[in-house]
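Since the structure comes first, as structure tokens, the remarks are kept for the end.
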Amino acid sequence: MKPNIFELATKELSQDAFFTWLIQWADSTNKTYDNNLNDCAQSFVQLLINSQINYDKAIQKVSANRQWHNIDIWAEINDEIFIIIEDKTFTTKHSDQLATYKEIAQKYCIEKGFKLVCIYLKTGSESISSLKLVEKDGFAVVERKILVEFLNHHKEIKNEIFTDFKIRINNLEDNTNSFKSSKIKNWNWNSWEGFYTFLQENIKVQDWKYVSNPRGGFLGLWWHFLEWKDYYVYLQIEQGNLCFKVGEVYKNRSPVRNEWHNIIAQKAKERGYTEIERPKRFGTGTYMTVAIVEKQDWLGEDEDLADLEAIILKLKKYETFLNDCL
């Protein structure tokens, strides 16, 4: 494979540099150096602005750089628009950082008489639930799919930096979609992220993200929460097994766990759902697995390609089963 600088420089700072570089190219004086790249950059700035406000003026004057009050990227456009960008690869927002950045930028805009545009630029994958919190903080989300479509549209650009980044982000998109075309045994982290993104479009997923544990953690997805006594019972996928869970349990954990396990086991026996099994060991944490369906029984065998339609039907079957257990 032809060497690609962005396959080596994979950190967010490298991505910050690329997007800042592209925005700087939007200044009209750069047209003399590369007309195609200037046109592309101006379209990119328009895309960012129009993600949040309507703006149809030609892009003339652009000033952009990185790390202003810890904000990843900032740009002043035509002396009337101020853009701040929180640029994310595989991490997510933390604490109240976005609200803080917006407050700082709003004060600056009042002083300068600018209109503010807040962008959350995401090239990795993130759950809908997480992105809704970003929007709640007043940021417009520009996801990888939008970026891929935009960059691929500009086939006329021959600039090596631009081309390398376009290849990199297309590789990320292809890798994330590999769950559709790869044998299950060959799925990687990105494949699971793509699969979870697919699931949240077809079932009512509450959230999915990395879950840490002493064994190294997993990419988990949870949904279908129901109230049982003083607890929630729900379904969870742990990058493999499908689990029947109960939580939050702070007292009498073993009796609560055993009671809910017995209810599920009895109902599974009545229904002939022999694939619903007792886990190899019971835990005693705040959230506990009381029964499992092994990966091959709901997702498919290692040598299989995922039958996505059949998988959705199975997951909905377990939703109905959980309803019946109540």
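FYI, side chains are in, hydrogens and waters are out, and symmetry mates aren't considered; it's all heavy atoms of this structure.
Electrostatic pairing of Glu173 and Arg144 counts as a salt bridge here, judged by a charged N lying under 4.0 Å from a carboxylate O. We find that Lys209 and Glu126 are not joined by a salt bridge, their nearest charged nitrogen and carboxylate oxygen being 4.0 Å or further apart. Between Asp39 and Lys31 there is a salt bridge, since at least one side-chain N of the basic residue sits less than 4.0 Å from a carboxylate O of the acidic one. A salt bridge links Lys295 to Asp302: at least one charged side-chain nitrogen sits closer than 4.0 Å to a carboxylate oxygen. No salt bridge links Lys61 with Asp27; every basic N to acidic carboxylate O contact stays at or beyond 4.0 Å. A salt bridge links Glu303 to Lys183: one of the charged nitrogens lies within less than 4.0 Å of a carboxylate oxygen. Of the charged side-chain nitrogens involved, at least one lies within less than 4.0 Å of a carboxylate oxygen, so that Lys2 and Glu160 count as a salt-bridged pair.
The neighbour count for Glu201 CD, taken as heavy atoms of other residues, nucleotides or ligands under 6.0 Å away, is above 12. Within 6.0 Å of the CD atom in Glu227, the count of heavy atoms belonging to other residues, nucleotides or ligands does not exceed 12. Summarising the local packing, OH of Tyr231 is surrounded by more than 12 heavy atoms from other residues, nucleotides or ligands at distances under 6.0 Å. Applying the 6.0 Å contact sphere to CD of Glu80 captures more than 12 heavy atoms from other residues, nucleotides or ligands. By the 6.0 Å contact criterion, CG on Asp324 is enclosed, its count of non-hydrogen atoms from other residues, nucleotides or ligands being greater than 12.
Asp79 is not listed as a side-chain neighbour of Lys112, based on a closest heavy-atom distance of 4.5 Å or more. Side-chain contact between Asp34 and Asn30 is absent, with no heavy atoms from C-beta onward closer than 4.5 Å. In this structure, Thr100 and Asn70 have side chains that are not in contact, with every pair of non-hydrogen atoms separated by 4.5 Å or more.
Cluster membership check: Leu121 shares its hydrophobic cluster with Phe162, using side-chain heavy-atom separations under 4.5 Å among Ile, Leu, Val, Met, Phe, Trp and Tyr. In terms of hydrophobic clustering, with Ile, Leu, Val, Met, Phe, Trp and Tyr side chains grouped at heavy-atom distances under 4.5 Å, Tyr120 and Leu22 are assigned to different clusters. Under the 4.5 Å side-chain heavy-atom criterion for grouping Ile, Leu, Val, Met, Phe, Trp and Tyr, Val141 is not connected to Ile119 through any hydrophobic cluster. If you chain together hydrophobic residues whose side chains sit under 4.5 Å apart, Leu326 and Trp222 never meet in one group. A continuous path of hydrophobic side-chain contacts links Ile184 to Trp208 [ILVMFWY only; heavy atoms under 4.5 Å].
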Applying salt bridge (Lys or Arg N to Asp or Glu O under 4.0 Å), run through Glu270 and Lys267 and close with a yes or a no. CA-CA 5 Å; Glu270 292 174 7; Lys267 183 64 68 173; 3.5 Å; yes
Taking it one step at a time, do Lys93 and Glu86 satisfy salt bridge (Lys or Arg N to Asp or Glu O under 4.0 Å)? CA-CA 9 Å; Lys93 86 180 192 80; Glu86 180 63 13; over 6 Å; no
Do Glu7 and Asn171 pass the side-chain hydrogen bond (donor to acceptor under 3.5 Å, both in side chains) test, and can you show the C-alpha distance, the side-chain angles, and the key distance before you say yes or no? CA-CA 10 Å; Glu7 294 292 348; Asn171 286 343; 3.1 Å; yes
Stepwise, does the salt bridge (Lys or Arg N to Asp or Glu O under 4.0 Å) test hold for Glu259 with Arg257? CA-CA 6 Å; Glu259 182 180 358; Arg257 177 200 66 209; over 6 Å; no
Applying ring-ring contact (aromatic ring centres under 6.0 Å, His included), run through His261 and Phe282 and close with a yes or a no. CA-CA 10 Å; His261 164 77; Phe282 277 138; 5.2 Å; yes
Go through it in stages, so that I can follow the logic: the residues are Glu193 and Thr176, the test is side-chain hydrogen bond (donor to acceptor under 3.5 Å, both in side chains), and I'd like the CA-CA distance, side-chain angles, deciding distance and then a yes or no. CA-CA 6 Å; Glu193 286 186 329; Thr176 302; 5.1 Å; no
Set out, in order, the CA-CA distance, both residues' side-chain angles and the distance that settles salt bridge (Lys or Arg N to Asp or Glu O under 4.0 Å) for Lys245 and Glu238, then state yes or no. CA-CA 11 Å; Lys245 308 283 290 189; Glu238 299 185 350; 3.6 Å; yes
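Counted by atom type alone, Tyr55 and Asn78 present one or more donor-acceptor pairs between their side chains at under 3.5 Å. Side-chain contact annotation: Ser129 with Gln206, donor-acceptor N/O pair under 3.5 Å absent. Judged purely by distance below 3.5 Å, without hydrogens or angles, the side chains of Glu248 and Thr286 never pair a donor atom with an acceptor atom. Judged purely by distance below 3.5 Å, without hydrogens or angles, the side chains of Asp87 and Gln15 pair a donor atom with an acceptor atom. Counting only N and O atoms by type, the side chains of Ser191 and Asn188 include a donor and acceptor under 3.5 Å apart.
The ring of Phe321 has its center closer than 6.0 angstrom to the ring center of Phe244. Aromatic ring centroids of Tyr108 and Trp68 lie under 6.0 Å apart. A distance of 6.0 Å or more separates the ring centres of Phe218 and Tyr210. Ring-centre distance between Trp223 and Tyr234: not below the 6.0 Å cut-off. Checked against the 6.0 Å centroid criterion, the rings of Trp260 and Trp228 qualify as a close aromatic pair.
Using a distance-only test at 3.5 Å, with no hydrogens or angles considered, no donor-acceptor pair links the side chain of Asn38 to the main chain of Asn35. One N or O on the side chain of His224 and one on the backbone of Glu319 form a donor-acceptor pair closer than 3.5 Å. Asp164 contributes no side-chain N or O that, together with a main-chain N or O of Ile167, makes up a donor-acceptor pair within less than 3.5 Å.
Within the cation-pi definition used here (under 6.0 Å to the ring centroid, within 45° of the axis), Lys317 qualifies as a partner of Tyr273.
Nearest approach of Ser254 to Thr284, heavy atoms of both residues: OG-CG2, 4.1 Å. Here the closest non-hydrogen pair linking Val293 and Trp298 is O-CD1, 3.5 Å. The two residues Pro279 and Ile292 have their closest heavy-atom pair at CB-CG2, 4.2 Å. Summarising the geometry of Ile59 relative to Gln42, their closest heavy-atom pair is O-NE2, 3.0 Å, with the distance given to 0.1 Å. The shortest heavy-atom contact between Ile84 and Tyr101 is CD1-O, 3.8 Å. A pairwise comparison of heavy atoms in Asn50 and Asn54 identifies OD1-CA, 3.6 Å as the closest pair.
In this structure, Tyr196 and Trp192 have perpendicular ring planes: the angle between them is above 60°, well past the 30° mark. Ring pair Trp25/Trp21 is perpendicular by interplanar angle, where above 60° counts as perpendicular and below 30° as parallel.
Separating the CG atom in Asn241 from the OG1 atom in Thr289 is a distance of 9.0 Å, to the nearest 0.5 Å. The distance from atom CD1 of Ile73 to atom OG1 of Thr20, rounded to the nearest 0.5 Å, is 4.0 Å. Put simply, CZ on Phe82 and SG on Cys118 are 9.5 Å apart, with the number rounded to the nearest 0.5 Å. The line from CZ of Phe165 to CG of Leu147 is 7.0 Å long, rounded to the nearest 0.5 Å. Between the CG atom in Asp207 and the NZ atom in Lys132 there is a gap of 10.5 Å [rounded to 0.5 Å]. Atom-to-atom distance recorded for Asp297:CG and Glu277:CD is 7.0 Å, nearest 0.5 angstrom.
Tested against Val290 for a side-chain contact (heavy atoms from CB on, under 4.5 Å), the candidates Asn258, Ile263, Val246, Val256 yield a single pass: Val246.
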